[in-house]
Asker: 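Pasting a structure below so you can have a look.
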Amino acid sequence: MATKTKNSVATKAVKSAASPKSATTEGGLPEGFVSPFTRVEMQPNIRIDDGLSCLAMITNQPLDTIMNDAVKHGLAPHGPDWPYAPTLAAILRQYGFKAEEKECATIDALPDVALITALYNPAKQFGRWVLWHHVRATEKVKSFHYVIDPAYFVEPKFFVTTEIQRLITPKSPIYYLEISKATAKGKA
């Protein structure tokens, strides 16, 4: 899948809220919360780049840079191609992240940051990547989680949303790529 681009990469900042009252915004995020991730939209009708768009969000790199990295890791330079989890993990390593492919039964078992397969089709064994972020509770805010969807074809109200159940396929595991900062060898 791909992204609307006014320039080479369309990005939209994710700004919402976290007040002591835990008021929520239209997307369901606490009022005042500002995500550490900036939404990077897929390029429409170019390729299936939902995973690459998510990597651009995580690494804070332009989508063009991430696409070039993907080509260096074997992704076809033109036309449709799917960057599988090992390719995404290899790109993330370049930027100091560790990624591990996993699956779980419920969103409660997901880590703090992950790419999850949304709208997974068990018959075709195919879904699309969205960025998952679990925010731990603080003195001012209850814990919550949300996704940033890079798809150009979703309604703007779902660009950043806490309405995660609509993306999860019932009776199917959630396949995800757990993302964490890589640690130096020998250090915890």
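Quantities reported herein were computed from a predicted structural model and do not represent experimental measurements. We count residues from 1, following the sequence as given.
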Asker: Do the non-hydrogen side-chain atoms of Val130 and Asp50 ever get within less than 4.5 Å of each other?
Answerer: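 Sidechains of Asp50 and Val130: no contact.
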
Asker: With a 4.5 Å cut-off on side-chain heavy-atom distances among I, L, V, M, F, W and Y, is there a chain of contacts connecting Leu88 to Phe126?
Answerer: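 Yes, same cluster.
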
Asker: Of all heavy-atom pairs between Leu110 and Cys104, which one has the smallest distance, and what is that distance?
Answerer: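 Smallest interatomic distance, heavy atoms only, reads CD2-SG, 3.7 Å.
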
Asker: Grab the two heavy atoms, one from Ala56 and one from Pro62, that are nearest each other, plus how far apart they are.
Answerer: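 Minimum heavy-atom contact is CB-C, 4.4 Å.
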
Asker: Can you tell me how far CD of Glu41 sits from CE of Met57, rounded to the nearest 0.5 angstrom?
Answerer: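 If I round to the nearest 0.5 Å, the distance is 9.5 Å.
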
Asker: If every non-hydrogen atom of Pro111 is compared with every non-hydrogen atom of His134, which pair is closest and at what distance?
Answerer: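 Closest approach of Pro111 to His134, heavy atoms only: O-CB, 3.9 Å.
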
Asker: Return the OG1 to NZ distance between Thr87 and Lys72, rounded to the nearest 0.5 Å.
Answerer: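 Atom-to-atom, Thr87:OG1 and Lys72:NZ are 14.5 Å apart.
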
Asker: Taking the side chain from Arg39 and the backbone from Asp149, do they hold a donor-acceptor pair closer than 3.5 Å?
Answerer: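 Yes, Arg39 side chain to Asp149 backbone: donor-acceptor pair under 3.5 Å.
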
Asker: With a 4.5 Å cut-off on side-chain heavy atoms, are Thr117 and Leu177 touching?
Answerer: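 SC-SC contact between Leu177 and Thr117 ruled out.
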
Asker: Under the 6.0 Å and 45° cation-pi test, does Lys102 pair with Tyr175?
Answerer: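 No, Lys102 and Tyr175 do not form such a contact.
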
Asker: Supply the atom-to-atom distance Tyr176 OH to Glu100 CD, rounded to the nearest 0.5 angstrom.
Answerer: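 Nearest 0.5 Å value for the OH-CD distance: 8.0 Å.
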
Asker: Is Val40 reachable from Ile148 through a run of hydrophobic residues whose side-chain heavy atoms are each under 4.5 Å from the next?
Answerer: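 Yes, because Ile148 and Val40 connect within a single hydrophobic cluster, where side-chain heavy atoms sit under 4.5 Å apart.
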
Asker: Looking at CZ of Phe37 and CG of Leu131, how far apart are the two atoms once the value is rounded to the nearest 0.5 Å?
Answerer: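 With rounding to 0.5 Å, CZ (Phe37) is 5.0 Å from CG (Leu131).
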
Asker: Okay, side chain of Trp129, backbone of Leu52: is any donor-acceptor separation there less than 3.5 Å?
Answerer: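 Absent.
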
Asker: Atom OH of residue position Tyr84 - does it have more than 12 heavy atoms of other residues, nucleotides or ligands inside 6.0 Å?
Answerer: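 No, not enclosed.
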
Asker: Test of understanding: clusters of I, L, V, M, F, W, Y form through side-chain heavy atoms closer than 4.5 Å, transitively. Do Ile174 and Leu115 belong to the same one?
Answerer: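 Cluster IDs for Ile174 and Leu115 differ.
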
Asker: State yes or no: do Val160 and Leu55 share one hydrophobic cluster built from I, L, V, M, F, W and Y residues joined by side-chain heavy-atom distances below 4.5 Å, directly or via other members?
Answerer: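 Result: yes, single cluster for both.
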
Asker: Would you say the side chain of Ile168 lies within less than 4.5 Å of the side chain of Ile116, judging by non-hydrogen atoms?
Answerer: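 Contact flag for Ile116/Ile168 side chains = yes.
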
Asker: Please report the shortest heavy-atom distance between Pro86 and Glu101, naming the atom on each side.
Answerer: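 In terms of heavy atoms, the two residues are closest at CD-OE1, 4.3 Å.
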
Asker: Any chance CG of Asn60 has more than 12 other-residue heavy atoms, nucleotides or ligands included, within less than 6.0 Å?
Answerer: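 Counting other residues, nucleotides and ligands, CG of Asn60 stays at 12 neighbours or fewer.
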
Asker: A side-chain contact here means heavy atoms from C-beta on lying under 4.5 Å apart; do Arg128 and Leu167 qualify?
Answerer: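 The answer is yes, as the side chains (C-beta and beyond) meet within the 4.5 Å cut-off.
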
Asker: Hey, what do you get for CD1 (Ile58) to NE2 (His133), rounding to the nearest 0.5 Å?
Answerer: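 It comes to 10.5 Å.
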
Asker: Closest approach of Tyr120 and Gln125, non-hydrogen atoms and distance?
Answerer: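 In terms of heavy atoms, the two residues are closest at OH-CA, 3.2 Å.
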
Asker: Are His73 and Gln94 packed together at the side-chain level, in the sense that at least one heavy-atom pair is separated by less than 4.5 angstrom?
Answerer: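 Side chain of His73 against side chain of Gln94, heavy atoms only: contact under 4.5 Å found.
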
Asker: Report yes if some heavy atom in the side chain of Val135 is under 4.5 Å from a heavy atom in the side chain of Val141; otherwise report no.
Answerer: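 Side chain of Val135 against side chain of Val141, heavy atoms only: no contact under 4.5 Å found.
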
Asker: If I compare all heavy atoms of Tyr95 with all of Ile91, which pair ends up nearest, and what's the gap?
Answerer: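 Nearest heavy atoms, Tyr95 then Ile91: CD1-O, 3.3 Å.
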
Asker: Would Tyr146 end up clustered with Ile107 when hydrophobic side chains under 4.5 Å apart are linked, directly or stepwise?
Answerer: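 Tyr146 does not cluster with Ile107.
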
Asker: Is it the case that more than 12 heavy atoms not belonging to Arg166 sit under 6.0 Å from its CZ atom?
Answerer: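 Yes.
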
Asker: Any chance you could lay out the side chain to side chain contact (heavy atoms under 4.5 Å, CB included) test for Thr161 and Val147, step after step, and finish with the verdict?
Answerer: CA-CA 6 Å; Thr161 184; Val147 295; 3.7 Å; yes

